[in-house]
Amino acid sequence: MKNMRKDFPILNQKVGDKPLIYFDTAATSQRPQQVIDALSSFYTDSNANIHRGIHMLSERATELYETAREKIANFIGAADSCEVVFTRGATEGINIVAETWGMENLKAGDEILVSEMEHHANLLPWQRLVQRTGAILKFIPVTPGGTLAMDKLDELITPRTKLVAVTHASNVLGTHVDVKTIAKKAHAVGARILVDAAQSIPHEKIDVQDLDCDFLAFSGHKMLGPTGIGILYIKKELHKALPPYQVGGGIVYEVDFNDAQWLEVPQRLEAGTPAIAQAVGLGAAVDYMNERVNFDELKKHEAALTTRAIEGLAPLPKVRLFGPLEDLKKSGHLVNFVVEGMHAHDVAEYLNCNGIAVRAGHHCAQPLAKKLGVPASVRASFHGYNTLDEVDSFVTAMTGLVTEG
Ligand code: PLP
């Protein structure tokens, strides 16, 4: 992990006279030099529009773009690279499923099951879909311990369930969700499952065939890649029935004045000029993870950082921690807390004065924040480039805040 940190030049700077401590990976990760170089090299040597050109640069750019798709397909264990659709990010991927598969397949009385710990990105598209179709939205409860009430699944998943859309890891509580079990139960009643992997794929190896999910969405920028690019995995057996999301160039093989014939997925869902350099950059992030990150070691390191943070914060007066703390100590990558009597933004501002970047707010999961009874909380989130010394500085700063005020 020490070797990994050297690859992230942005971390070698100061905030005032304090070294920067970046604990905001759950919002966006940093990028290694290898990804920055891949972006720069694309624009320096290979930039052109893809697919439609017959010249050398266009062919090169097309090859780089399609090679990135293959790298990502291999990385997530997809059976075929055509199952990998480039999107702007997790949000767009989930909206695509709601607007295409959802609008084609949902009718009044059908049920969509989500959890109470979803990011707005995996809640609002379903709210809108049920408003349009007359379908019903149901929720898997969050327990007081911060896990999903898996024992409620058998009563919540019924023959009326058409889709279960659930996060793989909570961006607020850090909870890891057993989506494989949920997939089995969903499939047993003929329902489909969508996994929001935005917070899991930066930290663990995902195999879509092992999870047996039908859709899986994530963002490049949280997994060491560029902004403006993400992935929607769609199981091949669902491709035929999917209409386009947006229409325009790049998705048709025949157009008449009044009609058009669509190409297959993934092209059918990638209208217009895509984020070519960013896709290539995401391919470079995947190369980086394959070559430089041992996921078992990453998990151990992040769990050690999380444990140190929990054990440092838990004894402090006025600090209240959220989430399944014992699970997080084994395999977490974030801590979430409030300081009683202090607004989360004030805590974050104080930490910023100490060089420490954390996030404060409802973390785009307002219904969960309301359920927890705190309008805003503070989240410190980690990756392989963080160190135990940084966590110690954070705990020292927090101790100063709650003891000296
Ligand atoms: N889902 C989860 C669990 C997230 O944490 C986020 C971002 O924080 C998203 C979805 C949305 O990701 P993006 O804003 O990159 O589309």
Side-chain angles (χ1 to χ4, degrees), residues 22-31 35 72 76 85-99 114-128 139-140 142 146-148 164-179 182 193-204 206 211 213 215-233 245 269 274-275 278-279 281-282 285 302 322-323 328 332-336 357-369 372 376-383:
Y22 188 76
F23 283 172
D24 199 17
T25 288
T28 197
S29 69
Q30 295 303 343
R31 295 93 180 93
V35 169
I72 293 151
I76 62 171
V85 178
F86 282 116
T87 64
R88 280 199 304 125
T91 303
E92 189 175 58
I94 297 167
N95 273 276
I96 290 174
V97 178
E99 295 293 314
V114 299
S115 85
E116 287 181 343
M117 60 166 76
E118 299 308 320
H119 187 281
H120 296 162
N122 196 29
L123 174 61
L124 304 191
W126 313 120
Q127 282 184 359
R128 190 161 69 166
F139 295 88
I140 311 169
V142 174
T147 57
L148 275 198
V164 182
V166 72
T167 193
H168 199 187
S170 162
N171 65 310
V172 179
L173 301 173
T175 314
H176 195 269
V177 175
D178 176 6
V179 290
I182 301 179
I193 176 159
L194 176 142
V195 175
D196 174 356
Q199 293 292 341
S200 56
I201 199 151
H203 307 283
E204 68 184 272
I206 284 184
L211 293 181
C213 51
F215 306 100
L216 181 125
F218 58 89
S219 301
H221 69 94
K222 293 187 198 282
M223 54 172 295
L224 317 183
T227 49
I229 191 79
I231 296 297
L232 173 63
Y233 159 83
Y245 172 58
L269 294 172
Q278 290 82 347
L282 182 54
E302 290 175 345
F322 298 100
L328 296 181
H333 60 267
L334 63 81
V335 287
N336 195 315
V358 295
R359 190 137 296 241
H362 51 62
H363 313 290
C364 292
Q366 262 186 341
L368 177 60
L372 295 172
S377 58
V378 184
R379 180 184 69 193
S381 55
F382 315 118
H383 206 281

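Worth knowing before you read on, the calculation uses all heavy atoms, side chains too, and leaves out hydrogens, waters and symmetry mates. Read the numbers this way: they start at 1 and go in the same order the structure lists the ligands and their atoms.
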What are the atoms of ligand 1, with element, lying closer than 4.0 Å to any heavy atom of [X]?
X	answer
Thr91	11 (C), 12 (O), 13 (P), 14 (O), 16 (O)
Lys222	6 (C), 7 (C), 8 (O), 12 (O)
Ser219	12 (O), 13 (P), 15 (O), 16 (O)
Asn171	5 (O)

Q | atom 4 (C) of ligand 1 [closest protein heavy-atom partner, distance rounded to 0.1 Å] | A |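 Sorting protein heavy atoms by distance from atom 4 (C) of ligand 1 puts His119 CD2, 3.3 Å first.
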**Q.** Nearest-neighbour protein heavy atom for atom 5 (O) of ligand 1, which is reported as residue plus atom name and distance
**A.**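 The answer is Gln199 NE2, 2.7 Å.
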Q: Specify whether His203 and His333 have parallel, tilted or perpendicular ring planes, treating 30° as the upper limit for parallel and 60° as the lower limit for perpendicular.
A: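 The arrangement is parallel - the two ring planes meet at less than 30°.
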Q. With no hydrogens and no angle check, do the side chains of His383 and Gln30 hold a donor and an acceptor under 3.5 Å apart?
A.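 No.
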(Q) Under 3.5 Å, is there a donor on one side chain and an acceptor on the other for His168 and Ser200? (A)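 Yes.
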Q. Does Asp196 come within less than 4.0 angstrom of ligand 1, counting non-hydrogen atoms of the residue?
A.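 Yes; Asp196 lies near enough to ligand 1 that a heavy-atom distance drops under 4.0 Å.
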**Q.** Residue-ligand contact His221/ligand 1, heavy atom below 4.0 Å
**A.**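 The answer is yes: ligand 1 sits under 4.0 Å from a heavy atom of His221.
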Q: Drop me the distance from His120's NE2 to Cys364's SG, to the nearest 0.5 angstrom.
A: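 Those atoms lie 6.0 Å apart.
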Q: With heavy atoms under 4.0 Å as the rule, classify the contact between Ala121 and ligand 1 as side chain, backbone, both or neither.
A: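 Side chain only.
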Q | Check against ring-ring contact (aromatic ring centres under 6.0 Å, His included), Phe23 and Phe382 | A | CA-CA 6 Å; Phe23 283 172; Phe382 315 118; 4.9 Å; yes
Result block: side-chain N/O donor-acceptor pairs under 3.5 angstrom for residues 218-226, not counting sequence neighbours:
residue: Ser219; atom: OG; partner: Ala90; partner atom: N; Å: 2.8
residue: His221; atom: ND1; partner: Thr28; partner atom: OG1; Å: 2.8
residue: Lys222; atom: NZ; partner: Ala26; partner atom: O; Å: 2.9
residue: Lys222; atom: NZ; partner: Ala27; partner atom: O; Å: 3.0

Q. Is there a side-chain hydrogen bond (donor to acceptor under 3.5 Å, both in side chains) between Thr167 and His119 once you walk through the steps?
A. CA-CA 8 Å; Thr167 193; His119 187 281; over 6 Å; no
(Q) Below the 3.5 angstrom mark, is there an N/O of Glu92, backbone or side chain, next to an N/O of ligand 1? (A)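 Among all N and O atoms of Glu92, none is under 3.5 Å from an N or O of ligand 1.
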